[in-house]
Amino acid sequence: MKPFLETMPPVIGQKLGVAKNPDEEVLIQVAADMGEGGRFDQHWLVVTPQRVLFVDGQHENGTRQIPMDQVAGARVEALIGGGMLEVKPKEGRPAYLHYSSSLAAKFTAVAEGINRLTRGEDVALPSEVEHSRCPKCSRLLPEKDGLCPACVKKWDTLKRIAGYLKPYVPRTAVLVLLTAAGALIELLPPLAVRSIIDDVLTPPHAHRDWLLWLVFGLLGLRVVGWLCQVGRGWTAVWLASQVVASIRRQLYQRLQYMPLRFYDKRRTGSLMSRLTNDTSRVEGFLIDGLPFIISNILMILGILSFLLYMSWRLTLYVLVPVPAIVLGGWMIWERMRGLWARWSAKWARFSSHLNESISGIRMVKAFAQEEREAQRFDRRNDELRQVSVLADRNIFVFFTSMNFLMSFGVFFVWYFGGRQILHQELKLGDLMAFVSYIWMLYGPLKWFGELTNWMTRAFAGAERVFEIIDSSIEPAGDPQALPLARMEGAVAFREVHFGYDRAKPVLKGVDLEVQPGEMIGLVGKSGVGKSTLINLVCRFYDADRGAVEIDGTDIRKLRLEDLRRQIGLVHQQSFLFDDTIIENIRYGKPGASFEEVVRAARAANAHEFIITKPDGYDTMVGEQGNKLSGGEKQRIAIARAILHDPRILILDEATSSLDTATEKKIQEAIARLIRGRTTFAIAHRLSTLRSANRLVVIDEGKVAEIGTHQELMEREGIFYDLVKTQQETTAVVAVGGGKNENG
Amino acid sequence: MENTKKRPEHVKLRETAGPAVEAIIQGLLSPGEEVLIQVCTDLEPGGRYAEGWVVATTQRLLVVPGGDGVVQVPLGQLRSVRTEPLVGGGRLEVERRDEPTLLVPYSSTLGAKFSEVARGLEQLRQEQAVLINPNLDRTRCAKCNRLLPEKNGLCPACVSRLATLKRIAAYLVPYKVRVVVLALSSIIGTLAELAPPLLTKRIVDEVLTPGVGAADLEPYLALLSLLVMGLIGVRVASWIGEWMHVWTATWLGARVTADIRSMLYRRLEMLSLPFYDKRQVGALMSRVTQDSGMLQDFLVEGMPYLILNGLMLIGILAFLFYMSWELTLYILMPVPLLLAWGIFFWKRMRRFFHKTRQAWSHLTARLHEVLSGIRVVKTFAQEPREIGEFDKRNKKLVRISVQSERNWFVFFATMNLVSGVGVAIVWYFGGQEVLGGTLSMGTLLALYSYMWLLYGPIQWFGQVNSWMTRAFAGAERVFEILDTPPEAYEDPDAVAMPRIEGRVALRQVRFGYDKSKPVLNDLDLEVQPGEMIGLVGKSGVGKTTTVSLLARFYDADQGTIEIDGVDIRKIKLNDLRRQIGIVPQEPFLFSGTIAANIGYGRPGASLAEIMAAARAANAHNFIMAKPDGYDTQVGERGSRLSGGERQRVAIARAVLHNPRILILDEATSSVDVQTEKHIQEALSRLVQGRTTFAIAHRLSTLRNANRLVVMEGGRIIETGTHEELMQKEGHFYELVKLQQAVAEVIAIQE
């Protein structure tokens with residue numbers, strides 16, 4: 001899908017053909033949906049390398065052009081409910097295009113593209129625009145670029161879920177049999193009762209000796225029914241959990257191999273809920289929902305047959321409330337969906353305020369704002385209460401009304417059935433059977449309404465899961481990939497361009513050659529691209545243009561596992577798993593012996609603090625390592641990296657904000673770690689980079705300066721400025737006293 | 001100067017022993033000898049369970065082991081006392097001068113206790129006062145000895161139902177009228193439910209049975225119409241009753257819950273920080289959300305059903321007995337079975353719930369971790385390993401949930417079966433009676449209807465126990481907080497202090513988050529108004545603690561803190577907090593606009609004032625560069641701003657707050673050099689004219705302070721200006737040298 005090349009209606013196409021040359025390449029062709037005065041209208045914007053055209057859908061002479069070299073600039077301005085694109089020529093009136101907010105993201109990209117063209121650059125449009133509305137039905141999506149729950153094709157999803165049952169055909173057959181049998185058995189007791197009433201109890205007591213047998217029959221039916229129910233439950237539960245376990249496993253596997261880009265766009269919470277809530281919903285549906293549908297359909301058919309057989313006239317009376325019940329059921333769930341969405345929103349507001357004010361209680365107290373927060377709380381509390389009451393009342397009213405309607409069916413039966421009995425057209429036993437069957441009929445009818453709701457949620461859940469399973473994973477399994485058993489460690493960047501969002505490049509042509517074993521210090525303002533460079537080396541992302549080479553080979557051609565295995569990373573915020581210290585260190589080299597681990601820990605200056613802990617190497621580090629102090633965590637991460645023994649090492653802002661004694665230990669550890677490996681280090685503290693072989697200063701997405709610390713200082717360029725600023729910073733506070741000291 | 005400190009008294013730890021042991025101990029004491037520690041142990045040296053006692057007095061140590069024979073050790077004979085952890089427990093090792101070491105074993109549940117005991121004994125040995133923490137975390141309920149779900153929490157089994165019920169009911173008092181309506185509707189509803197079978201009985205007995213094939217159907221038809229009208233009428237009445245009930249119950253439930261939540265929240269806010277330190281945010285939140293939600297469920301669904309089902313049960317039994325007491329007895333036969341089955345089942349299910357919940361959280365915890373740390377997984381190429389780990393947990397979860405779900409099916413199916421048996425019984429014996437003419441058909445049918453009405457409430461009562469337990473436990477947790485005393489906001493004796501000069505004095509302040517482990521020992525400091533004091537020292541030495549005391553987040557254990565000569569405990573808390581400002585290292589911003597955050601300390605500040613504060617904080621420029629300017633949303637905790645931007649917003653907030661006393665806690669680090677420059681400029685403007693306490697690791701930033709205060713071991717060991725301290729070549733000098741050395745370590749190889 002090319003979001004920036006939309007299909008024009010022929011009328012517009014004609015006007016366009018008149019306005020431009022046929023062989024001009026059309027770069028952008030989009031429709032804005034609002035006209036002047038705020039009405040919905042269609043205005044088209046067409047951009048070619050030579051000019052910008054505005055084509056009006058309504059008026060005859062509505063085409064305006066501005067040659068590209070006459071364009072001073074384009075910008076967007078946010079307005080209420082939408083926005084406006086302004087293209088300003090160097091002379092003359094600007095041209096405007098109005099659009100509603102759903103197109104805001106798109107037109108922002110368009111404006112940037114036009115600006116790039118005016119500078120003679122490539123238009124570089126993003127390949128995707130975030131969707132906040134479903135492209136098919138235009139409803140608001142629950143997550144940006146997410147699934148539209150209304151457009152989910154239920155049948156396809158059902159088939160896919162059923163696909164997971166393939167390995168278990170015999171059990172599935174047993175399940176279906178038991179469900180059907182169970183349903184049919186439910187239908188028989190009223191017949192037995194009917195017989196008891198008519199044949200035994202009603203004078204002239206024709207078959208009074210049948211009583212015992214009929215009662216045994218009743219009991220027997222109950223027992224068989226019990227067996228069916230238990231058997232059904234037994235099988236259904238087992239099957240459902242197998243299916244769901246398979247789905248979960250597949251999902252998790254997929255997730256593990258997804259590229260980092262995928263993770264950047266999503267929050268951990270939403271991924272978790274795919275694995276937990278969504279799969280649970282599917283499981284619930286399979287255990288209860290599906291058998292429920294089958295057995296109830298069978299029951300309804302069976303009941304209707306019996307009723308019609310006994311008295312078709314009475315049956316008609318019985319069916320009178322049915323349409324009302326079904327309709328009511330359907331309507332209420334539609335309404336409830338809206339109410340529940342409102343409730344969720346209010347709840348989210350309520351609980352996020354709660355969370356915030358309790359987490360930040362120190363701030364609240366520090367500013368003595370308790371009363372104000374309490375008032376805020378009260379407001380949200382009250383809003384929540386109101387929606388709560390509304391929702392609960394709606395549901396209850398629905399149920400009571402449904403019950404009421406259903407009871408009318410029973411009244412009809414008593415009245416009209418009674419008359420029939422009096423006219424000897426019907427027997428008492430039939431009547432009682434009728435009453436029993438009615439209750440069996442109306443019950444499921446109520447729930448069919450809820451079923452749609454349930455099914456929708458379960459299927460939406462399934463779809464969210466499948467969405468991920470279907471996504472493309474990291475290119476790990478490329479059979480063509482070259483193995484690389486042992487890296488030398490020569491790294492080269494050749495004209496590398498890259499941006500997390502293609503339209504906003506961070507690196508704009510980086511060229512760099514690093515020898516094996518060199519230590520490179522990456523320097524520059526924050527946000528300039530240092531971490532990005534590193535991400536490319538690890539191949540967490542692929543360059544948009546240009547190539548990163550290791551030992552002379554483009555890393556895209558190397559086997560990913562070989563690559564990752566020989567690159568090591570130490571972050572500022574070291575991430576540890578909630579496990580023992582020794583397991584965390586071992587993460588770098590699973591299967592390492594205890595001696596190897598201890599050696600690594602010693603080299604990292606970690607051994608000394610580990611053995612002072614009561615459990616030593618078996619100490620649990622807590623979630624994200626929170627039972628250890630910052631300095632301890634870092635040293636464990638360093639030990640992990642040492643054990644990993646990579647050929648290329650990356651240190652990302654690994655030392656800051658600790659007390660000086662610990663920092664000294666860490667710096668020693670790092671010094672040991674670095675020996676003999678190609679190292680890329682990022683740090684703010686320029687003094688720490690003094691031992692780097694070369695410093696690389698990044699500015700404006702390119703390598704601005706390279707050299708040793710001395711060379712760069714002598715050059716008095718960007719690096720020199722950065723150093724001076726840091727020194728000034730440490731001196732600023734001494735403005736009163738004034739000594740200048742190297743710090 | 002004379003040492004006028006009073007030696008603190010001993011903290012005692014005494015458990016009560018049985019009379020026999022008490023007698024032995026008392027018998028051994030000499031007059032004037034006081035028992036300081038008396039604790040029991042549960043293992044004897046051979047490793048078997050036995051009760052033994054360890055008693056420390058002012059003169060000696062007594063060990064009364066599980067066997068017999070008392071070992072006495074005069075305090076002077078002690079060389080050292082410590083604990084040694086072992087598998088499944090530990091051992092108290094008492095080294096004596098002239099004799100072999102005494103070993104006292106205990107199981108791991110007593111581990112924490114014996115750590116304290118060892119500490120106390122060491123203190124005694126060194127002739128210090130015993131200063132231990134007698135309030136150990138409770139992990140078991142004091143009454144029934146079951147494991148508590150949370151440390152120091154409530155025991156759900158020991159919650160007094162009646163007391164809790166009365167308390168919950170108290171919240172309904174303001175809504176008396178609605179409660180009465182609720183009660184009325186329940187009664188109407190119940191009666192209306194009970195009437196129909198009586199009417200159908202009459203239809204069968206008086207219309208259908210005699211009227212079949214009668215010559216004149218008119219009177220019968222008329223009666224039929226009448227009775228059916230009666231049915232409809234009763235149903236309408238019942239419907240009205242239901243409406244009344246639902247309308248009122250939903251409103252009432254939501255209202256009472258909202259009331260409780262509001263009270264809870266206000267109380268939570270007023271509680272002191274030590275309360276917060278002991279608990280996690282999540283636990284507190286769940287009090288306000290889950291626990292009060294459980295209360296709502298109880299009030300809206302639980303209690304009404306309790307009443308309704310109770311009334312129904314009584315009504316039905318009454319009618320049944322009236323119609324045929326013999327058949328009623330038959331009907332009641334399965335009832336004990338149903339009840340027993342219900343109780344047995346719920347006990348089983350509770351275990352399954354627990355196991356399932358554990359398996360789930362085992363799975364999701366690791367899941368959450370791995371997804372958050374996916375970078376690390378990929379860095380070390382450990383995907384296959386994580387998948388394997390997941391499989392294990394997944395399989396376990398499946399196993400447990402299958403067991404659990406299967407149980408449900410068995411339960412319900414069996415319930416149906418048992419009810420079915422009851423039905424069969426009625427048909428048989430009732431049928432006999434009808435055949436024998438002692439019972440009318442209509443009555444039998446009515447019995448049949450009532451029977452179905454009966455089994456419902458009975459099943460419900462089977463599960464009400466477990467469900468009530470949960471609801472009440474939730475209620476009790478809520479009350480626990482409501483009963484905790486708040487910070488001393490409304491102390492009527494407090495002195496108002498609308499304008500603080502800023503003279504601060506700490507006099508012999510001693511404080512510890514845990515009273516027995518003081519962080520600050522004898523802190524003495526006097527600060528003039530407008531001075532800037534720099535607090536220096538290794539991490540953990542007490543700098544943050546000192547400033548927390550200044551803001552009166554905690555009260556000193558000993559000694560006083562004075563502001564303008566007045567003990568801060570006597571100053572109105574509101575006045576105090578209003579005039580103290582804090583800029584923490586990790587500034588906490590509330591989700592809202594930048595302007596709202598800057599104005600947090602002064603609601604009602606004008607935009608001009610906000611902008612002036614932002615300018616002073618060097619924040620104005622970056623704020624204006626944003627498309628929404630001051631209306632930019634900062635996101636949760638300010639996550640949409642960068643670190644440097646957040647800090648400057650926090651500084652602007654403090655500027656606008658305009659406090660007399662300012663606390664800067666490690667406010668600059670880990671931003672890039674230029675931003676740091678901006679921040680430091682902003683700070684230098686901020687500190688003008690205010691008494692300031694600044695904590696920073698970067699010693700160079702403190703060069704502007706009037707005085708530096710160097711702390712070590714909870715005491716102040718050096719004070720003076722930067723120059724003075726450097727010349728002294730003492731502790732401060734060493735710290736500075738160390739920092740410079742750190743900056744040079746990487747250059748070792750040069």
Side-chain angles (χ1 to χ4, degrees), chain A residues 201 211 215 218-219 222 226 229-230 233 237 241 245 252-253 256 263 268 271 358-360 363 366-368 370 374 377 381 385 388-389 392-393 396 400 404 407 414-415 418 421-422 424 526 561 564-565 569 575 656-657 659-660 663-664 667 687-688 690-691 725-726 729-730 732-734 743, chain B residues 208 211 213 217 224 228 235 239 242 246 250-251 254 258 261 265-266 269 281 284 371-374 376 379 381 383 387 390 398 402 405-406 409 413 417 420 424 427-428 431 434-435 538-539 574 577-578 582 588 601 669-670 672-673 676-677 680 700-701 703-704 738-739 742-743 745-747:
Chain A
L201 299 178
L211 181 61
V215 170
L218 267 179
L219 266 171
R222 276 272 169 236
W226 180 80
Q229 231 187 331
V230 172
V237 163
S241 22
Y252 191 73
Q253 237 182 335
Q256 284 293 316
Y263 282 93
T268 312
L271 291 175
I358 291 191
S359 309
M363 277 300 111
F367 288 93
E370 290 97 328
F377 179 84
N381 195 15
R385 181 187 64 86
S388 214
V389 172
D392 281 340
R393 276 183 175 169
F396 275 121
T400 55
F404 188 61
S407 44
W414 277 110
Y415 185 68
I421 290 183
L422 288 176
Q424 290 183 297
S526 55
E561 343 159 3
R564 297 254 175 88
R565 233 184 344 99
L569 193 55
F575 188 93
S656 47
S657 65
D659 64 273
T660 46
E663 212 174 283
K664 181 171 177 193
Q667 296 208 15
S687 52
T688 59
R690 253 185 284 162
S691 67
T725 316
Q726 196 198 32
T729 312
T730 51
V732 145
V733 191
Chain B
L208 300 181
L217 289 176
L224 180 64
V228 173
R235 190 64 185 82
W239 195 44
E242 276 179 51
V246 158
T250 49
W251 189 92
R261 279 191 180 138
Y265 186 76
R266 268 163 209 270
E269 285 216 304
V281 171
L284 292 174
L371 290 180
S372 311
I374 190 69
V376 174
T379 307
E383 292 97 331
I387 292 177
F390 182 81
V398 167
V402 166
E405 295 281 333
R406 279 180 170 168
F409 273 95
L417 184 60
W427 280 118
Y428 186 69
V434 169
L435 287 175
K538 286 201 323 238
S539 58
N574 214 325
R577 295 256 174 89
R578 235 183 348 97
I582 303 186
F588 190 95
S669 44
S670 60
D672 65 87
V673 156
E676 204 176 289
K677 183 174 170 184
Q680 295 210 16
S700 52
T701 58
R703 257 184 282 161
N704 211 26
L738 190 62
Q739 199 196 29
V742 165
V745 156
I746 295 261

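Hydrogens, waters and symmetry mates play no part in the numbers below; they use all other heavy atoms, side chains included. Letters A, B, ... are given to chains in the order of the sequence lines, protein chains preceding strands, and every chain is numbered from 1. From a predicted model like this one, the values you see are computed outputs, not experimental measurements.
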Checklist entry - Considering only heavy atoms, which portion of Leu218(A) lies under 4.5 Å from any heavy atom of chain B: side chain, backbone, both, or neither? => result side chain
Checklist entry - In terms of heavy-atom proximity below 4.5 Å to chain A, should Trp427(B) be classed as side chain, backbone, both, or neither? => result both
Next on the checklist: Out of Leu417(B), Val398(B), Val434(B), return the one with the most heavy atom pairs under 4.5 angstrom to chain A.
Outcome noted: Leu417(B)
Checklist entry - Side chains of Phe409(B) and Gln229(A): does their closest heavy-atom pair fall under 4.5 Å? => result no
Next on the checklist: Minimum heavy-atom separation for Asn381(A) and Ala258(B), please, with both atom names.
Outcome noted: ND2-O, 2.9 Å
Item to check | Minimum-distance pair of heavy atoms, taken over all atoms of Leu211(A) and Tyr428(B) | outcome: CD2-O, 3.6 Å
Checklist entry - Looking at Leu422(A), Ile421(A), Thr400(A), Val215(A), which makes the most heavy-atom pairs under 4.5 Å with chain B? => result Leu422(A)
Checklist entry - Which heavy-atom pair separates Leu224(B) from Trp414(A) by the least distance, and what is that distance? => result CD1-O, 3.9 Å
Checklist outcome for this item: Nearest heavy-atom approach of Trp251(B) to Val389(A) is CA-CG2, 4.1 Å
Item to check | Most contacts with chain A, counted as non-hydrogen pairs under 4.5 angstrom, among Ala254(B), Ala424(B), Ala413(B), Gly431(B) | outcome: Ala413(B)
Checklist entry - Between CZ of Arg261(B) and CZ of Phe377(A), what distance do you get to the nearest 0.5 Å? => result 7.0 Å
